[in-house]
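Before any comments, here is the structure.
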Protein chains: 2
Amino acid sequence: MKKYEAISAEIKRRIMEKEYSTDSPIPDEISLAKEFACSRMTMKKALDVLVMEGLLYRKRGHGTFIVKSAIDNKLVNVGTGESLGLTNLLKNKKIESKIVLYEVMFPNEEVASHLSITTKTPVYHIVRLRIVDGEPYVLEDTYMPSDLISGLTEEILHFSIYQYIKEKLGLTIAGSHRKIRACKSNELDQQYLNCASDDPILEVEQVSYLNTGTPFEYSFSRHRYDKFFFTAVSILKP
Amino acid sequence: MKKYEAISAEIKRRIMEKEYSTDSPIPDEISLAKEFACSRMTMKKALDVLVMEGLLYRKRGHGTFIVKSAIDNKLVNVGTGESLGLTNLLKNKKIESKIVLYEVMFPNEEVASHLSITTKTPVYHIVRLRIVDGEPYVLEDTYMPSDLISGLTEEILHFSIYQYIKEKLGLTIAGSHRKIRACKSNELDQQYLNCASDDPILEVEQVSYLNTGTPFEYSFSRHRYDKFFFTAVSILKP
DNA sequence: CAGTGGTCTAGACCACTCC
DNA sequence: GAGTGGTCTAGACCACTGG
């Protein structure tokens with residue numbers, strides 16, 4: 001365990017257990033560094049983690065304060081650090097996948113540009129219905145370069161593509177860029193998500209990339225509006 | 001200008017102007033530190049900024065790489081660092097506000113808990129329709145403790161509450177926690193946003209807090225589905 | 001092995017706030 | 001002036017990668 005992570009976890013525990021008052025600042029960085037026997041830079045890095053999570057806020061010249069709304073609403077640890085993929089997000093649920101479409105094709109201009117490839121590079125085109133605890137949840141429309149994500153089988157599609165990429169292909173997923181919007185449901189949504197024609201859809205458009213910077217996935221996840229919301233933490237610069 | 005910000009901006013410029021190849025790593029941290037006449041820690045901090053924006057990715061033992069999908073799709077600088085408030089987001093547009101409701105009331109349990117106050121603390125309850133370039137855009141339902149955000153007038157509501165908080169009250173807005181979801185439109189939405197009964201709504205539920213950690217706003221922003229999408233960058237830890 | 005990024009140190013000075 | 005966080009330094013050692 002890295003030192004700053006251990007310290008960060010301990011401070012977080014103290015905040016959650018209300019061992020620090022929310023009306024006055026927590027101890028200053030130098031005192032905390034002394035207590036945890038580390039340098040001030042390391043202490044700062046430990047606190048940075050909690051600032052990023054929206055749990056702490058610093059006031060220059062004053063001190064470091066607890067964000068009251070965070071502790072009350074337990075909203076921490078969402079946003080930029082979370083894992084990708086339903087399989088990771090819902091570890092305790094039973095997830096099934098129904099394969100609606102599975103083909104290899106040449107991408108159109110739009111798909112190609114998001115994947116940083118040409119329209120001559122073949123891609124997998126996969127449409128999967130993800131079913132959580134027996135209920136239809138999200139319809140995923142995914143494009144992946146077939147030379148990059150090689151060896152896909154229906155068996156993998158029934159489980160987790162991300163896990164295959166990480167564990168079998170040995171690739172490292174670095175992050176993603178997303179757009180979240182509301183839209184009307186189309187016939188495909190209604191058919192597979194079992195929703196009414198006036199039920200809205202929460203759509204997440206996403207480009208995911210590997211730790212080489214290469215995009216490996218361009219996808220549209222269409223969620224039932226009653227099964228999903230997206231959370232985010234914004235930290236403004238002073 | 002802080003040194004690391006200046007360096008960060010210069011590196012970003014080089015990436016955008018394609019002065020670095022996307023197929024090989026950018027120069028290593030030590031070389032860059034030498035070039036910019038700074039310590040390696042400062043160089044690292046400058047690169048951290050771009051990693052956070054999803055523009056760069058580091059591979060330990062290999063080097064630092066450009067995220068291809070970021071440069072292609074110009075998706076940078078969205079996510080956790082953006083300013084709050086429509087007035088900031090759409091600086092070049094003409095924004096009008098129609099006040100639908102403006103009252104002082106005692107909050108219910110839910111509102112009170114999100115604002116970390118009791119149900120005995122009076123709050124402003126404001127419903128505003130925001131109109132951008134003549135088109136209805138978003139219906140905002142906002143609660144703010146009236147003792148904290150004092151002296152609100154209809155004139156301010158017609159312009160920007162956030163600007164008033166920052167410039168007139170001298171308070172500093174630190175950040176916010178958000179939930180984004182799709183929902184069906186209700187009669188109020190249809191009336192003010194001029195949308196059809198089967199038009200979906202993109203709702204952003206938000207708790208914003210000051211740099212003291214005190215929540216000052218609990219709000220629901222109901223956006224026309226064809227006028228708004230939310231963007232986010234996820235950076236996963238290795 | 002050399003080269004990369006990741007962590008950590010022990011200090012320094014600066015910017016800001018309050019008294 | 002005293003106390004806070006913000007930046008920056010010049011190193012050190014570690015973890016991981018490739019040849």
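Residue numbering restarts at 1 for every chain, and letters A, B, ... go by the order of the sequence lines.
- Between Tyr4(B) and the phosphate of dC8(D), there is no side-chain N or O to OP1/OP2 separation shorter than 4.0 Å.
- The side chain of Arg58(A) places no N or O atom within less than 4.0 Å of a non-bridging phosphate oxygen (OP1 or OP2) of dT4(D).
- Straight-line distance from the NZ atom of Lys44(A) to the P atom of dT7(D): 8 Å, rounded to whole Å.
- In the region residues 19-38 of chain B, proximity to DNA chain C at under 4.0 angstrom, judged on heavy atoms, holds for Asp28(B), Glu29(B).
- The nearest whole Å value for the distance from the NZ atom in Lys45(B) to the P atom in dC8(C) is 16 Å.
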Going 5' to 3' through nucleotides 11-19 of chain D and flagging B where a protein heavy-atom sits under 4.0 Å of the base, S where only the sugar-phosphate is that close, and - otherwise, we get -B--BBSS-

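- The phosphate of dT9(D) has OP1 or OP2 within less than 4.0 Å of a side-chain N or O from Lys3(B).
- When rounded to the nearest whole Å, the span between CE of Met43(A) and P of dT4(D) equals 14 Å.
- Counting only distance, with no hydrogens or angles, the side chain of Tyr57(A) and the backbone of Gly175(B) share no donor-acceptor pair below 3.5 Å.
- In this structure, the CZ atom of Phe65(A) is 12 Å from the P atom of dT17(C), given to the nearest Å.
- Ser97(A) contributes no side-chain N or O that, together with a main-chain N or O of Arg128(A), makes up a donor-acceptor pair within less than 3.5 Å.
- Thr42(A) has a side-chain polar atom (N or O) that falls below the 4.0 Å cut-off from OP1 or OP2 of dT9(C).
- Under the 4.0 Å criterion applied to side-chain N and carboxylate O atoms, Asp48(A) and Arg58(A) are assigned as salt-bridge partners.
- Summarising the geometry, the separation between CG on Asp48(B) and C1' on dG5(C) is reported as 11 Å, rounded to the nearest angstrom.
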